[in-house]
K.L.:
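What follows is a single structure, and I will ask about it in a moment.
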2 protein chains.
Amino acid sequence: MDRLDALRVFCAVVEHSSFSRAATELNISVAKTSKLVQSLEQALNTSLLRRNTRRITLTEAGERYYHDVVPLLEEMANIDARVERMTTTITGTLRMTMPLDFGRRLIMPLIPDFKLTYPDLELDIELSDRHADLVAEGFDLGLRVANLKDSSLIAKPLGTYRMKCAASPEYLARHPAINTPEDLEAHPCLTYSLSAQPSNWHLIRGEEEARVRVRSALQLNNGDLLAQAACQHLGVLYQPDFILSTYLDSGALTPILTDWQDRMVHAWLVYPARKYLPMKVQAMLGFLKNHLSDQ
Amino acid sequence: MDRLDALRVFCAVVEHSSFSRAATELNISVAKTSKLVQSLEQALNTSLLRRNTRRITLTEAGERYYHDVVPLLEEMANIDARVERMTTTITGTLRMTMPLDFGRRLIMPLIPDFKLTYPDLELDIELSDRHADLVAEGFDLGLRVANLKDSSLIAKPLGTYRMKCAASPEYLARHPAINTPEDLEAHPCLTYSLSAQPSNWHLIRGEEEARVRVRSALQLNNGDLLAQAACQHLGVLYQPDFILSTYLDSGALTPILTDWQDRMVHAWLVYPARKYLPMKVQAMLGFLKNHLSDQ
DNA sequence: TCACTGTTTTCCAAATTCGAAAAAGCCATT
DNA sequence: AATGGCTTTTTCGAATTTGGAAAACAGTGA
C-alpha cells in the first residue's frame, strides 16, 4: 500500500469522521479506505482511530499524528506543484554547449530573437571546441559539428554544411598547383583536431571517393584560427563553409579542388536520452530547427 | 511502488551519485532502485536525473525536488519517531470512565500508588453512573459493574463482588419479617437503574434460584445514594458489598436473607477492540489486576 | 425484534512487484 | 579496434499485493 496514499486517506477519514464519506470524497472503495488505514496503523504499530461501526474518534497517538501529517501533506503538494510548474512552463536555465565558431557565426545572431520569444528562460551557453560530457557536466543540450560518437545521447540533425578546401592566393601562387586530391599530400595542411581523423581528408566527385592522408603542419581545435593561419599562408585548409564564407567573400582565401563535390558535414543537436524532455529543451530544439534550416 | 520509498531512494541516489551504491546502502536490489526512481519520474512527468551508465547529475527540476524533499523526509521521520515514542513509553493521558461509587471506594485509594509508578502518565477519569460510549467519547478504558451489553469492546474480568440485601434496623422493626425471597414482594425496594433489569432481583441458595419481581419505591443510578435512602428507612436495598460494607460495619444497615448465598457480580475492564493496545492502557490494566484481585 | 447504516473481513481474479540474469552502454587500458 | 570492468536498464516468470463485491458484523432507532 502506498504510504503517501495511506496518509491522505487517514486525513480524509479524520476530517469526515467516517470511512465511507472519505471513500466517496476520494473516489475509492470503502474497502480500500479501511485497508489503507489499517496498513498505516500496522506500519506505525499503533491504533490511530478508535472505531466501531457507528463512530470514529482519534486516539491520542492519532491526534498527534493527524496534527503533524496535515502540514506535511500540504508541503508535499506544494513541492509537486512546483515541479509541475517547472515542467509545464518554459522557465529556469537552459545549459548548452556548442563549438565556438558555430556558436559565434550561426547561433549568437539568433539569441536576441530567442530571448524575445522566451523571456523567462535563462541561457547558460558554454562555447567550447571539445566534446563535453553532457551528463557529467549537466548540460541540457549540446550542439555538435562532427561525427557523433556512439552514445546514449539522442541526436537530432540540425543542418548540413559543405566541407571546402581553400588556401590563400599568395600560398597558391608560391606552391605547386592542386588539381587532384592526391596533390594535397605534398602540401602542409591545417587540420582540425576534433575531427574523428584529423589528417584523413575525404573528398567526393560523383561516384568517385578520395581519401587522402595529409601532412598536418598545424592542428587546432578551432576552425576560425585555422582559417586565420591559412590567411597567413601556412597551408591548405579543409573546413565547413560557415567558417570559410567570410574569408572567401573577402578574397583572403581562394577555393581549390572546386570540381570535387564537397562532402557534407552534419550539425547535430544532442541531449541526454530522456523520456520526459523538459519544455525548455523542446523550445530550443524547435527554435533552432526553424531558424537554422531556412538560413 | 510506494511513493515515500521512492523519495527515499531518490535522495539516496542523489547523495551517492550512484544507483548501485544507493541500493547497497538501503539494502535493496539495484533493479528496484532503478525502477523506483523511474516510477517517481513518471509520477512527476519529469526527468530528475541525467544519467548514463557512468555518471549521474541532477536536472534543474531534480535539483529543486531534492532540495525540497530532504527536509520533508526528515520531518516525516520525526513524526514517525514521535508516534513510536508515544507507543513505547507510558506517557500522555489515559482517559477512563467508571461508576462513581466504585471509583470512590475501590479505585481512588490506589491512584497515589499508580501515579508513583507511572509519574509521566496523566489521568483523566470521569466518574459517572452511566454507560458511556467509549468510542464516541474517546475513552481509553472503562470500568463496568454490570452485565455487559454485547459490544465490539474487549472486556477483561477485574474482580467479583457479592450482592447483598439489607435494610435499616428501624425499617425491619416496623415491617413484616423477610425470611424468603418472595417476602420481598411486599416491601418497598430501592433499585439501581443501571442494572439490566432493576426490578428483577436474583438470589441463590445452593442449587435453588429465586427471581423476584420487586416493587421499586425509589430508583437511582447511584448505589451510595440508594444506601443512604435505606438508612432513612425508605426500603430494602440490594447492592454489592463494596457499597454496603461501610453501612453494615457502622450498624446503620442490617443484612437480611443471609442464608441465601449472595449472587456474584463481576466488575469488568472494557476498552475499544484494538490490535495495538497502547502501553498506557496496558499499564492500567496490569496495575488494577494486581491491586484489586488481592484486595 | 427488525430494518438500516456503516465498518471490516473474505474471497479471488487481476495487476503489480521483485530479483536474477541478460543486455546495453560507457570508459580506460591495451 | 578490442578487452574488460563497472554501471544502469530491461526482461521474464514467480510470488506477492491489490482492490472491489459481497458477506459478515455491530450499533441504532423504530
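Because the structure is a prediction, the values reported are computed rather than measured. Throughout, a chain's letter reflects where its sequence line sits, starting with A, and its residues are numbered from 1.
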K.L.:
Is there a side-chain contact between Arg3(B) and Arg3(A) (heavy atoms, below 4.5 Å)?
P.N.:
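Answer no - side chains too far apart.
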K.L.:
Tell me which one of Leu49(A), Val9(A), Leu36(A) satisfies side-chain contact (heavy atoms from CB on, under 4.5 Å) with Phe19(A).
P.N.:
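Exactly one pass, corresponding to Leu49(A).
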K.L.:
What I want to find out is whether Arg50(A) reaches Asp140(B) closely enough, with some N-O distance under 4.0 Å, to be called a salt bridge.
P.N.:
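Yes, charged N to carboxylate O under 4.0 Å.
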K.L.:
Counting distance alone, no hydrogens or angles: does the base of dC26(C) have a donor or acceptor under 3.5 Å from a partner atom on the side chain of Arg55(B)?
P.N.:
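Side chain to base: no pair present.
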K.L.:
Is there a side-chain polar atom (N or O) of Arg51(A) under 4.0 Å from OP1 or OP2 of dT8(C)?
P.N.:
yes
K.L.:
Using a 4.0 Å cut-off on heavy atoms, which residues in residues 134-143 of chain B reach DNA chain C? List them by number, or say none.
P.N.:
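By residue number: none to list.
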K.L.:
Could you state the atom-to-atom distance from CZ of Arg50(B) to C1' of dT8(D) in whole Å?
P.N.:
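Rounding to the nearest Å, CZ of Arg50(B) and C1' of dT8(D) are 17 Å apart.
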K.L.:
Is there, by distance only and without an angle test, a donor paired with an acceptor across the side chain of Arg54(A) and the base of dT5(C) below 3.5 Å?
P.N.:
yes
K.L.:
With a 3.5 Å distance limit and no angle check, can you tell me whether Lys280(A) reaches the backbone of Thr93(A) through a side-chain donor-acceptor pair?
P.N.:
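At least one qualifying donor-acceptor pair exists.
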K.L.:
Tell me whether the side-chain N or O atoms of Thr53(A) pair up with the base of dG27(D) as donor and acceptor below 3.5 Å, since no angle test is needed here.
P.N.:
no
K.L.:
Checking the side chain of Thr160(B) only, and the main-chain atoms of His266(B) only, is there a donor and an acceptor separated by less than 3.5 Å?
P.N.:
no
K.L.:
Would you jot down, in residue-number order, the residues of residues 21-44 of chain B having a non-hydrogen atom under 4.0 Å from DNA chain C?
P.N.:
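Heavy-atom cutoff 4.0 Å gives Ser29(B), Ala31(B), Lys32(B), Lys35(B).
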K.L.:
Do the ring planes of Phe10(A) and Tyr66(A) sit parallel (below 30°), tilted (30 to 60°) or perpendicular (above 60°)?
P.N.:
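Judged by the thresholds at 30° and 60°, the geometry between Phe10(A) and Tyr66(A) is perpendicular.
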K.L.:
Could you list by number each residue of residues 4-13 of chain B showing a heavy-atom separation from DNA chain C of less than 4.0 Å, or answer none if no residue does?
P.N.:
none
